[in-house]
Amino acid sequence: MSELEAEYRLDYFEEEGFHRKQCPVTDVHFWTRDPDRETCGEPPADDYSFIDNPGFDEAYTLAEMREAFLSFFEANDHERIQPYPVAANRWRDDVLLTQASVYDFQPLVTSGRSPPPANPLTISQPCIRMQDIDNVGKTGRHTMAFEMMAHHAFNTREDADNEYAYEGEVYWKDQTVELCDQFLEHMGADLEEITYIEDPWVGGGNAGPAFEVLYRGAELATLVFMSMEQDPEGNYEMKDGNRYSPMDTYVVDTGYGLERWTWVSQGTATVYEAIYPDAIEFLKDNAGVTLSEEEEDLVHRAAKLSGYLDIDEVDDLTAARAEVADQLDVDADELTELLEPLETIYAIADHCRTLAYMFGDEIVPSNVGTGYLARMVLRRTKRLVDDIGVDAPLDELVDMQAERLGYDNRDTIRDIVRTEERKYRETLERGRRKVETLAAEYADRNDPIPVDELIELYDSHGIQPGMVEDIAGEYGATATVPDDFYSLVADRHAGADATAAAEGHDDRLTDLPETEKLFYDDQERTEFEAVVLDVFERDGDEGAYDVVLDQTMFYPEGGGQPADHGTLATDDATVRVTDVQKHDGVVVHRTDGDPGTGEFVRGQLDVERRRRLMRHHTATHVVGLAARQVLGEHVRQAGAQKGTDSARLDITHYERLEREDVTRIEAVANEIVMENTPVEQAWPDRNEAEAEHGFDLYQGGIPPGDQIRTITIDDDVQACGGTHVHRTGDIGAIKLLSTEPVQDGVERLTFAAGDAAVEATQRTEGALYDAAEVLDVTPEDVPATAERFFTEWKERGKTIDRLRTELAEARASADDAIDIDGTPAAVRRLDADADELRATANALVDNGTIAVLGSGAGGSAQFVVGVPDGVGINAGEVVGRLAAAVGGGGGGPPDFAQGGGPDVDTLDDALESAPEVLRAVHRA
RNA sequence: GGGCUCGUAGAUCAGCGGUAGAUCAUCCCCCUGGCACGGGGAAGGCCGCGGGUUCAAAUCCCGCCGAGUCCA
C-alpha cells in the first residue's frame, strides 16, 4: 500500500496548507487543515458531534439537499443526469441492484467502449443495498434505500491509442478534492474540521486511491480515483491481495450520501427522522406508539450512543444494547421495550421506500433475480407491520413513498403489492397448517420438534423458525432454534456451482477486418456480391467450412434471431450456407464447400426463410407493445427467440396470464398490424436515445458504441440489431399459440406471424375437425359433446362397478364349496380382472366362505384369496404358495391377499392344489 | 439458474407396494315449536400427465406439466 502513498500527495493539499497525519486510534493516514488535530474524524476515533449540533448553515430536507448538490455542480460546469433504474441488471449482468452511482457507467463507459452521457456529470442515483437489511432501524444510520449524489469525470491517458469513446483529461484528483471542499464550504461547513482519510479502494475488478471525507464524525463522501484494473502482472498489490496495473481510462468516482448530508444538516438523533419525518409520524400514530417527554429524551440520548457504538460490527445486539443501557444508567430490558417499536417503524419506513424504488422502476416480484429480492423485502416489511400493529394496508404505505418519489405508475405498484401480500398470506396459511399438524404430532410423542424439521420448513416451505416456535407453543410442543440456524440452511445448499466452459476464440479471425453488414442498408434485398477474404476448414467436421467475406447480406444469429441460410456462388461452384455467426464484428458463414479464398462470389439468401424470420421479429416487437398496452407499463421483454414457424417472447408480469388477457393481446397486436404502422430503423447517438427513451430501449440487451440502432413502432422504441419488415401490415397476421409461466413473474407468449399464423390456425382447426369427425358432430358441438361423453363415461364406470358387485354377489352362492377343516371354501377360475376377483372374493367371504379365485385374464395368472373372520388361515401365505406355482409372488393382510405370476399355463394346476394348500396352511 | 417440498373428493389433508380414506363443505333423514348443536345416511375420485419396474403402482424409478419455497 505504501506504493500508493505518493498518490495522495496532492498539490491542492499543499496549496491549502493541509497536514498529513496518522490517527492514533485507527492507524489510518489522513489530511487536515488543523495543525493540532490528532484523530482522523471517524468513529470510534471521533464522536457523532453533529447530533444536536447541525453541521451546515441551514437544515435541509432530502429534496432540498439533492437540489443544492446538483445545482452546485451544475454551476461548476457539470451536466445534470437523470437517475438510472435501481434494477442494475437492466444494463449489466454481474449485479442485480444499483448500489452506487458508478454502477450506471459500468462496464461500457468506465472501460471506454461507450461515451458517458455527459463529461463531467452530476447525478443523484437511487441505490439499494440489501446487505444492510439487518441494521436498518437499529443503528440510527443504516438505510437499505438511499441516494448517492455524485460527480463523475471520465478521462483517458494522453499516451493511449485513440480507441476510446472519450478523449483526454477532464479533471482528476486535485480538482475532485477542491470541488468537494468547495461544496462543503458552500453548505457552510467549517473547513478546519474536515478530514480526508487515505483509503485505497478496490471493487469489481478495478481499484485506485481514494479519500473518505469526514466531518463531525460522519463520513459524508468517498472520493475514488478509479485508475487500475486487476492484472496478475501488475505493480500494485491492493488490500484484497490481488495485483493491479494502471488502465488507459481513469475515472473520478465520487459518492455523497444524500441521507447523510440531510441528516448532518438537521442534526437529528437518527437519519430516519431527518429523511422521512412524515412517514415516521404517520406510522407512530397508526401503531399507537406514544412516548412521554422523559421517554423521548431517553430515546434521543440512546440514539446518539447507538451512533458510535458501531452496532453493525457487533454480533450480539443484546450485549450492545446492554452497554448503551449501562451508559445511560437505565435497565436494559426497559430500554429495549422502548426502542424496539421505534426501530421497527424506522425499518418499515425504509423498506417501503425500497419497495417504492423497486416497483416504481418496474421490478416484478419473482422467485428469481431482483424480483426475489423485492419479494423478500416485501415479506419482511409485512412481518414488521404486523408485529407492531400498523393497520394501514401495505400498498398504501408503499404508495406514500412512491408518491413522494414521483413515480407515475402508482396504480400498478399498489396492485403488485396487493398481489404479493395475498401470495404471502397464502404461504403463511399453508405454513401454519403444516406446522400445526407437525406440532400436534410431536406434542403427542412429547418430543421437541427437531432442528431438521425446522430447516425443512424454512427451506422448502418458507416458514420462519420463529413462527414454528410460536405455533408449537400453542400445541404444547417445543422447538428450539439454534443460533446458527441460517448457516445450517446454507449448508444444505452447499454444492458445486456449474461453470460454463468459455468457447475458445479463433485467433485467425482476429486478423480479419470487420465484415461490412449490408443487411441494414436494405432489409428487403436478398442478393449481393462479395470477395472471399478467407476460408477455414472446420476441425473434425468433414466438408464443413467457415467463410469470411468482405461484406455480407447474411444475418448472423443474434438478438434471438436465427441466422440466414442461402448460397454463395462463384462462376464454377455453388456452396450452401447453413449457419452464420458473428465473432467481434467478423461474420463467419458456415458452408458445405470451399468457394476459394480471393474468389468473387454472389450471395443469395433463402428468401422464404428470411421473410419468415423478419415477420416474426417485427411481430415480437408488436406483441410486446400489445402486451404493454393490455397489461401495463411494467411489462418488459425478459427474453425472446424468433423462428420460421413461430416465435416466443417472455414478458414480465406479476400475475398468471388468463385466456382473456391472451385474447386481448392478440386483438391489439392484430390492430397494430392492420394499422400498417411504419417500422422505422434509425441510428441515433446512444446518449440522446437514452435521454429520450430511457432504459426501456435495452430490453433485448445493451449494445456498445457511440451509436445504436433503434427500431420504432408507434411509441415502442427498442435497441435492436435484427432485420424487420417495412410496415406492420407486412406481418400479415399474428396468432398467439400458447402461454406458459417460465418463472414467477415471467410469462412466455408463443405466437406465429404471417403464413406461419395461417398454418398454425389450420393445424388447430384440423385437430378440431378430426375430433368433430370422431364424435360425428359439427366442430361447434365438440365441447358440449366431449363433456357429455365424459360424463357418460364416468356414469358407465359407476354402472359397471355396481353390476360387478351384483355379479359378485350372484356368484357368492357357494354350491361348489369344498370343506376345509369345517369351513366351506370356493376354489374357482374366473378369468376376470383384479377388481372383479376382489369383489367376488369379498362376497364369498361375507357369506362365510373361504375364497380362492384365479384368473388368467390379461396374459398373466392372478389370485385373490379371502378368509372369513375367525378362520385360522393366513391368506397371504396361501397366495404366496399358489403364486409360486405360476412363477410369481404375492401377499397382503392375513384375511385378504393377492398375488400372481407370469405362467398362465400352470394356473389350473395351481388351483387344483389349492385345497391341499389351504389345509396345509391351516395346520401350520 | 441451482437445491428442496408438494400435486389424492368442492376445500384441507392422511395413506407411501396388496380392496382409495378422514375432516369440513354439499344433499337427505332423525332430534327441535324454530335455530344452533348433536345423531344417522348419501352423493362426490382419469390418486396431475406419460413412460418404466412388478404377479400387483396413488404408493417405487424416469420424463413432462403445475404449485410452493430457499439460495445466487
Side-chain angles (χ1 to χ4, degrees), chain A residues 89 93-97 130 366-373 375-376 379 423-424 426-434 436-438 440-441 452-453 455-465 485-500 639 656 738 740-744 746 790 793-795 797-798 801 804-805 808 833-843 845-846 851 853-866 875-876 879-880 882-904 906-907 910:
Chain A
N89 61 340
D93 52 17
D94 54 337
V95 291
L96 294 175
L97 295 169
M130 295 283 293
S366 170
N367 60 331
V368 297
T370 51
Y372 178 67
L373 300 181
R375 176 169 287 172
M376 286 303 95
R379 292 185 172 190
K423 286 186 182 173
Y424 188 40
E426 285 165 4
T427 293
L428 288 180
E429 282 165 8
R430 237 191 326 271
R432 167 162 273 274
R433 284 194 298 266
K434 211 163 194 69
E436 280 173 345
T437 339
L438 205 66
E441 201 177 297
D452 274 1
E453 295 276 14
I455 294 175
E456 166 75 16
L457 285 168
Y458 175 73
D459 201 24
S460 298
H461 304 286
I463 303 162
Q464 306 286 331
F485 180 76
Y486 290 97
S487 69
L488 290 175
V489 175
D491 287 347
R492 251 171 73 132
H493 292 274
D497 46 331
T499 45
R656 289 278 96 102
S738 66
E740 60 179 317
V742 180
Q743 52 187 233
D744 218 7
V746 178
F790 187 62
W793 173 76
K794 284 200 286 192
E795 273 164 14
K798 281 175 220 157
D801 279 350
R804 257 193 192 136
T805 315
D833 68 20
D835 275 345
E836 213 165 315
L837 291 191
R838 278 195 290 264
T840 309
N842 277 328
V845 168
D846 286 346
L853 306 176
S855 163
S860 68
Q862 288 168 61
F863 297 104
V864 171
V865 175
V879 160
L882 293 176
V886 292
D895 61 331
F896 197 93
Q898 298 157 71
D903 306 334
V904 186
T906 55
L907 174 61

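Heavy atoms only: backbone and side chains are in, while hydrogens, waters and symmetry mates are out. To find a chain, count down the sequence lines: A is the first, B the second, and so on, and within it residues start at 1. All of these numbers come straight from a predicted model, not from anything done at the bench.
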What is the distance from [atom1] of [X] to [atom2] of [N], rounded to the nearest Å?
X: A/Arg433; N: B/A14; atom1: CZ; atom2: C1'; value: 14 Å
X: A/Leu488; N: B/G3; atom1: CG; atom2: C1'; value: 16 Å
X: A/Asp846; N: B/U19; atom1: CG; atom2: P; value: 16 Å
X: A/Asn89; N: B/G1; atom1: CG; atom2: P; value: 14 Å
X: A/Asp835; N: B/A20; atom1: CG; atom2: C1'; value: 11 Å
X: A/Leu837; N: B/G18; atom1: CG; atom2: P; value: 18 Å

[atom1]-[atom2] distance between [X] and [Y], expressed to the nearest 0.5 angstrom:
X: A/Arg375; Y: A/Leu373; atom1: CZ; atom2: CG; value: 11.5 Å
X: A/Thr805; Y: A/Glu836; atom1: OG1; atom2: CD; value: 10.0 Å
X: A/Thr840; Y: A/Leu853; atom1: OG1; atom2: CG; value: 6.0 Å
X: A/Asp744; Y: A/Arg656; atom1: CG; atom2: CZ; value: 5.5 Å

Between [N] and [M], how far is it from one [atom1] atom to the other, in whole Å?
N: B/C29; M: B/U69; atom1: P; result: 45 Å
N: B/C16; M: B/G7; atom1: P; result: 13 Å
N: B/A14; M: B/U8; atom1: C1'; result: 10 Å
N: B/A58; M: B/G51; atom1: P; result: 14 Å
N: B/G52; M: B/A11; atom1: C1'; result: 34 Å
N: B/A56; M: B/C71; atom1: P; result: 45 Å
N: B/A25; M: B/C60; atom1: P; result: 32 Å
N: B/A42; M: B/C46; atom1: C1'; result: 23 Å

4.5 Å side-chain heavy-atom contact, [X] and [Y]:
X: A/Asp833; Y: A/Arg804; answer: yes
X: A/Leu907; Y: A/Phe863; answer: yes
X: A/Leu438; Y: A/Leu457; answer: yes

Could you spell out the base pairing of RNA chain B in dot-bracket, with Watson-Crick or G-U pairs whose two distances are under 3.5 Å, [ ] crossing and | to another strand? (((((((..((((....[..)))).(((((.......))))).....(((((..]....)))))))))))).
Any A/Lys798 side-chain nitrogen or oxygen under 4.0 Å from OP1 or OP2 of B/G44: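 Yes.
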Looking only at heavy atoms, which two atoms of [X] and [Y] are closest? And how far apart?
X: A/Ala843; Y: A/Ala808; answer: CB-O, 3.5 Å
X: A/Tyr458; Y: A/Val489; answer: CD2-CG2, 3.7 Å
X: A/Leu96; Y: A/Thr370; answer: O-CG2, 3.3 Å

Map A/Ala897 and A/Val742 onto RNA chain B by nearest heavy atom, then report which one ends up closer to the 5' terminus.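 So the residue in question is A/Val742.
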Where protein sits on nucleotides 46-57 of chain B, one letter per nucleotide: B base, S sugar-phosphate only, - none, heavy atoms under 4.0 Å: S--------B--
Readout for nucleotides 63-72 of chain B: B = base within 4.0 Å of protein heavy atom, S = sugar-phosphate only, - = neither; 5' to 3' it is ---SSBBBBB
Can you identify which nucleotide, out of B/G44, B/C4, B/G18, has its nearest atom closest to the A/Pro893 side chain?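 Of B/G44, B/C4, B/G18, B/G18 is nearest to the side chain of A/Pro893.
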Answer yes when A/Asp835 and A/Arg838 have at least one side-chain N-carboxylate O distance shorter than 4.0 Å, and no when they do not.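 Looking at A/Asp835 and A/Arg838, the cut-off is met.
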Is A/Glu426 paired with A/Arg430 through a side-chain N to carboxylate O contact shorter than 4.0 Å?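 A salt bridge is absent here (no side-chain N lies under 4.0 Å from a carboxylate O).
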